[in-house]
Amino acid sequence: MSGTRNSAVAASALLVIALFAPLLLKADAVSDFYAGRQVRLLIGYSAGGGYDTYARLLARHLGKHIPGNPTVVPQNMPGAGSLTLANFLYNVAPKDGSVIGTFARGMAMEPLLSGEGTRFDASQFSWIGSLNNEVSVCVSWHTSDVKSMQDLETMELIVGGTGSGSDTDTFPIVISNLLAANIKLISGYPGGNDILLAMERGEVDGRCGWSWSTVLSRNADWLAEGKLNILVQVALQKHPDLADVPLITEFADSEDELMAMELIFARQVMGRPYLAPPGVSAERHEALRRAFDATTRDPEFLADAERLQLELNPVSGEEIDALITRIYAASDNAIRLASDAIIGINR
Amino acid sequence: MEVSALELAASALGIMLDPSRLMVLAAGVLVGLTIGVIPGLGGIVGIALLIPFTFEMDAYTAFAFLIGIGAVTTTSDTVPAVLFGVPGTTGSAATILDGHPLAKQGQAGRAFGAAYTASLLGGLGGAVLLAVSIPVLRPVILYLGSPELLAICVFGMSMVAVLSGKAPLRGMVAGGLGLMVAMVGSDPQTGTMRWTFDTFYLWDGLPLVPIALGLFALPELADLAIARRSIGGNARVDTRSGQLQGIRDTLEHWWLVLRCSWLGASLGAVPGMGAAVIDWLAYGHALKTEKGTERFGEGDIRGVIASESSNNAKEGGALVPTLAFGVPGSASMAILLGAFTMHGLVPGPRMLSDNLEITYSIVWSLALANVLGAGLCLALSNQLARVATIRMGLLLPVVLAVMFLGAFQGSRQWGDLHVLLGFGLFGWVMKRQGWPRPPLILGVVLGDIVERYLFISVGRYEWAWLSRPLVILFFSLALLGLVTPMLRNLRAAVGEGARLRWQPRLSPAALFTFLIGAMLTASIVVTSQWNFEARIVPLAVGYTALACAILSLFNEIFLRPETAGAEAAATMEGTGEEPGQDLRTVLKRAVEFFAWCGGYLLLARVTGMLAAIFVLILLCVRIWGREKLTLALVLAVGMTAFSWLLFDRLLAIPWPQNLLGEAFPALRPFLR
């Protein structure tokens, strides 16, 4: 009797070990791999910009949350608006989890929209997460007659843009094409702040594609003095600060139009995307995702972000996977609507 | 108000003179000087890399550090410019023109003395201009709209005429080529890929660093290799006495220093007007306004003074839009802007009211950094001047290696090295054929912003902007600047009795012009597939350049040799020809030199850049310099280790893939 009980205990103990041993071994394997190693965080832009600042901040803290505590080294690999890096990560970079990267927020949708030069399948990347789910706004300067989206049916708004492919060009083009709004784009300003300066001196009436966090950190005085009319917020969900401002998707007339908007503005959710090449082993991918999540809760990381005034609304790798799956299931009609809206140059 | 501003300025000085802050400032200056000496590394690299170290500092100290780095790269970049004709940053290309010939005449010490003093006074001039204009900054900048910025850039472009010496047609062609180079890549208006030939490398346009190094540095090195002598030749190298002479030279030309300093500071405030053109515009200004400029380009000390006093003043100017509006006046300012937000400072009106003390402390940092930087350089320049006596066989391979690594910083792709070599070869032929090179770089830098502001102006105001007073003023100045030298040359040519010859004369010069014409034609043909907005500006530039090229070709073929020759030989740059060299030897040695460069490229593709540097230096020093094997080995090991430490460890550069590493992944960690 006791013999059977003993053997039952022994058997269940064995079973437990048999069940968990692979996990223990695997955890060790992951930390063995990363211990003493350099993880390269490749940035698709040159030093100094927003993607670079976010990535360097992440690199300072991510390592201590990855098993084995590797050093994370940020490296700039600019080229073709970060397309070079996207193609590099997909086709060339080692797939062992020792290389991760960050590139343009709209890159994942690029194969659907234009596809020029893209040599990757966005759903195959090992997504790690996004540091910010951005909400951008379209504003008009207080001297403009345009005070709301409704006014755009009858009056023209001249907005400044920084060049083809940028949010400040894409957003006004898409909005005026999908919603038949009277927005005239004057593009070519060297940077976002140049547009604001042009707005201040009356060269343009507004800016469409301006991240809300930047408005708060840089131009809170304009808000306080009532110098800005906020016309619409561009995102997939409303920002808590902006409950009264309409969300762009509210203006969709049909199911396809709504999907087209989601397809284009999904880039907001992937505001600061991080990912590894496709084919990274499940354990290491998992370890990177959890390390990312842990970093976004790390008080030291948060303090540094606060100091740099970088807005954080972390999005997990799983959420990005889900979003990409949904977007790639869009109807042909929605995709055509979106790509027509995005390339139609409005003049 | 006046008094309180003065009080604030004084208390800001008090803050800056705190010993620990001064130490941090000095550390920044040391980093900046080091970065400035190495071609391809500019203030941006240093600031971006070291910004995390300023997290824990207070705002005053942080800016002292960062400005210390940014302010003095243009002081020490003179060292390689004078010694090797290699600009340390893109801001010292104009210094080469007279600085390097001075070194060849054994007067490197004098060039250094003048350059550092000019840097110092120029930097101070820029800081003073920033300080006194603080009250009027915002209204002035608010007044300058896109049409005005366009007019200023066009005026800058018109300096092409002065910088072309007596070859205005060739200058126009070179300027046009530069503008077209600037338009390579994704067009900002429509996203059309212009002249990218289906390569990703060209999507973002050609990077400036390898172009500048190729155009100005590689031709100098090629000529050093051809001349086969140490830089200073047999001339006695002046050190102490030369340096004092240089300082005296600068003080004597204080009015020139002041003018170039203010020119540099004002232009520095125009976003997009980078260091790479400001030195040339100052040089052109000196050419235009100084008396007796025949020796410019052969070692006139005023050329060094003009260029150096303007490029240090630039940072003061670039701070203006950065502080007042958060619009970065230069690339390093864009990074500094990040540092502002980090310390809770919002660029804008408050920097000039509530935070005025910080603004003044920035001005003081700029001034102190310039003093420290110039002082350190002066103290070291005795030793540096002696480098000119080192044997070419030892020096050249090392400088070449540093230049390859520097050019690679352009965009960190293989393409950078191809650009370096391509522009190097083109620049060398230009130099030998008496084609002016500065217009080309002017076009490359200004092309992008001219097109941007043109589209903004026309898109916003159609043609009404042409009637704005400042636009009219600058356009008239530009037209005057372009037309006067042309007329003068025409009159001179007629006076000398230029006559047509009926037997066409075919020369290498004509062949080169013909090739350029063919290149322009091909480029124009390619544009036919682009949409109208992407095509209109490139076409206008292309046809103008082609017309000038055809006229120039006509001159070379049909004009009497004396007059045509006058145009060829009388650009303000020397052609690099030494007495007693026949064409055969020159060509043979040139082919040899460019073969070494090409060989390096090939080898780097196979083994990675660092291993290739080891081989290049070893072979080059041993075979070409005929030095002892041990010496070659020591140099090769030293340089490779240094490059590895700096670029791999410190700067964490993503090295490009190489063939061996792809074939044998196990070798990858060793093949960088």
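Order of the sequence lines fixes the chain letters, A, B, ..., with proteins taken first and strands second; residue numbering starts at 1 for each chain.
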Just jot down the side-chain contact (heavy atoms from CB on, under 4.5 Å) partners of A:A55, sequence neighbours excluded, or say none. A:L41, A:I43, A:T102, A:Y274
If you count heavy-atom pairs within less than 4.5 Å of chain B, which of A:I158, A:L197, A:V73 leads? A:L197
Nearest heavy-atom pair of A:I186 and B:R460: which atoms, and what distance? CD1-N, 3.6 Å
Minimum heavy-atom separation for A:N193 to B:V327, with atom names? O-CG2, 3.5 Å
Could you tell me which portion of B:Q657 (side chain, backbone, both or neither) has an atom closer than 4.5 angstrom to a non-hydrogen atom of chain A? side chain
CD of B:E533 to OG of A:S187: how many Å apart, nearest 0.5 Å? 10.0 Å
Among A:Q38, A:R60, A:R40, A:E306, which residue has the highest count of heavy-atom pairs closer than 4.5 Å to chain B? A:R60
Which atoms of B:L144 approach chain A - backbone, side chain, both or neither, heavy atom under 4.5 Å: backbone
Which atoms of B:Y201 approach chain A - backbone, side chain, both or neither, heavy atom under 4.5 Å: neither
Examine whether an atom of B:I141 lies under 4.5 Å from a heavy atom of chain A, and if so say whether it belongs to the side chain, the backbone or both; otherwise answer neither. both
By salt bridge (charged side-chain N to carboxylate O under 4.0 Å, His left out), A:E225 pairs with (sequence neighbours left out) A:K227
If you tally heavy-atom pairs under 4.5 Å against chain B, which of A:N219, A:T84, A:V92 wins? A:V92
Using non-hydrogen atoms only, which part of B:Y143 is less than 4.5 Å away from chain A: side chain, backbone, both, or neither? neither
Most heavy-atom pairs under 4.5 Å with chain A, out of B:S411, B:G415, B:S186, B:S146, belong to B:S146
Rounding to 0.5 Å, atoms CD (B:Q409) and CG (A:N76) come to a distance of 10.5 Å
Salt-bridge present (B:E148, A:R201; N to O < 4.0 Å): no
Chain B heavy atoms under 4.5 Å from A:S166: which part of the residue, side chain, backbone, both or neither? neither
Given that the side chain runs from C-beta out, which part of A:L83 has a heavy atom under 4.5 Å from chain B: side chain, backbone, both or neither? side chain
Can you say whether B:D198 sits under 4.5 Å from chain A via the side chain, the backbone, both, or neither, judging by heavy atoms? neither
With respect to chain B, which residue among A:D304, A:L310, A:V204 yields the maximal number of heavy-atom pairs within a distance under 4.5 Å? A:D304
Hey, are the side chains of B:I456 and A:Y189 touching, using non-hydrogen atoms and a 4.5 Å cut-off? yes
In terms of heavy-atom contacts, A:M77 and B:P654 come closest through CE-CB, 4.1 Å
